[in-house]
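Worksheet: one structure, shown below.
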Amino acid sequence: MAKFQNVGTFDLNTMQGGSKPFAMDAAGIASGQAFLTGELEKRDMLVRTPLTSFTYTRDIPIRVGGGWAEYVSAMNVGYGITGGSGDNLIQAASVDGIPLVQANFGKDLWKTHIISAGTRIFWVDMQRGNMTGRNLDTLLRDGLRMTYDKHMDENTYVGFARYGTTGLINNADVTVTSASTTFANATSPDDILDIINTAILDAWAAAGYDLDAIPNHIIMPYEQYNYIATTRIGQLAEKTILTFLLENNVAKQNGSDLYIGATAWCKAAGAGNADRMVVYCNKERYIAMDELVPLTRAMTTPNAERFSYDTAYAGNVSEVEVFYTQPIVYVDGI
């Protein structure tokens, strides 16, 4: 049976043969000692991706499906009757003619655009990934999805001027008003409530006071949102201004639950770079965006010249479709 032998004391500076401690230097690498340094590393398995945020799925209805269409269309109709709908409808028993309802049909078109992007994974990097345990294809797909979401965010809120499209916060047909004061300079929470209620009532009045068209969604910059979300209505009160607004706004009093949220796109979006608040009805009947073909992995091919695998992704989406501009109001200078 083998037995341990006493080889003397261990000295970090004087090992057997007088050699130095293992180190990641030229001599260590040449002697095959370098791998020990890697063995002593604590490996962090978390891959840290860029910091970003997307809010487009919250602020607009997205309809999925439709294929590779070039346009999205919607039918609309207007009604009229001879003499109007008032006392003109009252008829005597011996009447020999009645007013007729007439319809005026129309069709609106919204542009779509194809999104395409690709990834390339070199064959050698794929083999190295098998050794390290990291899937390079997954990492690149995550980056591709992030790029797609950033595109969709911009498409939703401002559109692309290069292609003549607009979004939620810069539609030229929407009524623009100015706030009586900024939120930070308001003397009381009632002043902020008045700004919001005025915008809701203006939009609702433009929609003919249709109960279904009461604005139910408000977006604003993060600064204003965080101010009302963290500031109490009084020194002795527990409620914040945001809670006060959600409980007392005119939409809630008429049966519609109001949502108030924040997005970075509203910052400096108004005239003269003023901060903009958007008040609108977030329902598919009034506003929508079509994701006709969600981002799809179209094809993967080996590329011998590049010594890689190339993958192409594609999708087809529409611009923001505003079916009714009446229940939308922009409020600048909040």
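All heavy atoms count here, side chains included; hydrogens, waters and symmetry mates do not.
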Sidechain-backbone polar pair: [X] side chain, [Y] backbone, donor-acceptor under 3.5 Å:
X: Asn316; Y: Ala69; result: yes
X: Asp310; Y: Asn303; result: no
X: Thr311; Y: Thr300; result: no
X: Asn185; Y: Thr181; result: no
X: Thr119; Y: Leu144; result: no
X: Asp125; Y: Ser308; result: no
X: Thr296; Y: Pro294; result: yes
X: Asn249; Y: Leu245; result: yes
X: Asn273; Y: Ala269; result: no
X: Asp332; Y: Ser178; result: no

About how many Å separate [atom2] of [Y] and [atom1] of [X], when rounded to the nearest 0.5 Å?
X: Trp68; Y: Leu292; atom1: CH2; atom2: CG; answer: 9.5 Å
X: Met277; Y: Ile169; atom1: CE; atom2: CD1; answer: 13.5 Å
X: Met152; Y: Thr57; atom1: CE; atom2: OG1; answer: 9.5 Å

Does the side chain of [Y] come within less than 4.5 Å of [X]'s, by heavy atoms?
X: Leu211; Y: Trp204; answer: yes
X: Phe54; Y: Lys150; answer: yes
X: Tyr330; Y: Asn171; answer: yes
X: Leu246; Y: Lys252; answer: no
X: Ile233; Y: Thr240; answer: no
X: Met146; Y: Pro50; answer: yes
X: Thr55; Y: Arg58; answer: yes

Distance only, no hydrogens: is a donor on one side chain within 3.5 Å (strictly under) of an acceptor on the other, for [X] and [Y]?
X: Thr230; Y: Asn226; result: no
X: Asp212; Y: Tyr286; result: yes
X: Asn76; Y: Asp108; result: yes
X: Asp59; Y: His217; result: yes
X: Asn155; Y: Glu319; result: no
X: Asp149; Y: Tyr56; result: yes
X: Trp265; Y: Asp153; result: yes

Count the heavy atoms belonging to other residues, nucleotides or ligands that lie under 6.0 Å from [atom1] of [X], then report whether that count exceeds 12.
X: Arg306; atom1: CZ; value: no
X: Met126; atom1: CE; value: yes
X: Arg285; atom1: CZ; value: yes
X: Tyr259; atom1: OH; value: yes
X: Met131; atom1: CE; value: no

Could you walk me through whether Asn104 and Val77 satisfy the side-chain contact (heavy atoms from CB on, under 4.5 Å) test, starting with their C-alpha distance in whole Å, then the side-chain angles of each, then the deciding distance to 0.1 Å, before giving a yes or no?
CA-CA 5 Å; Asn104 180 25; Val77 59; 5.9 Å; no
Using the rule given for side-chain contact (heavy atoms from CB on, under 4.5 Å), can you reason through Val329 versus Val174, listing the C-alpha separation, both sets of side-chain angles and the distance that settles it, and then say yes or no?
CA-CA 6 Å; Val329 167; Val174 172; 5.5 Å; no
Report the C-alpha distance between Arg63 and Glu284 in whole Å, list the side-chain angles of each, state the deciding distance to 0.1 Å, and finish with yes or no for salt bridge (Lys or Arg N to Asp or Glu O under 4.0 Å).
CA-CA 9 Å; Arg63 306 183 296 190; Glu284 188 177 322; 3.8 Å; yes
Which residues end up grouped with Phe160 if you chain together Ile, Leu, Val, Met, Phe, Trp and Tyr wherever their side-chain heavy atoms are less than 4.5 Å apart?
Tyr163
For the residue pair [X] and [Y], what are the closest heavy atoms and their distance?
X: Val278; Y: Leu168; answer: CG1-O, 4.0 Å
X: Tyr225; Y: Ile260; answer: CE1-O, 3.4 Å
X: Val320; Y: Trp110; answer: O-CD1, 3.7 Å
X: Ser53; Y: Tyr222; answer: OG-OH, 4.4 Å

Is there a path of hydrophobic side-chain contacts, each under 4.5 Å between heavy atoms of I, L, V, M, F, W or Y residues, that connects Ile334 with Leu201?
yes
Is a salt bridge present between Lys111 and Glu321, judged by a nitrogen-to-oxygen distance below 4.0 Å?
no
Report the C-alpha distance between Lys239 and Glu247 in whole Å, list the side-chain angles of each, state the deciding distance to 0.1 Å, and finish with yes or no for salt bridge (Lys or Arg N to Asp or Glu O under 4.0 Å).
CA-CA 11 Å; Lys239 290 183 180 180; Glu247 292 178 351; 2.7 Å; yes
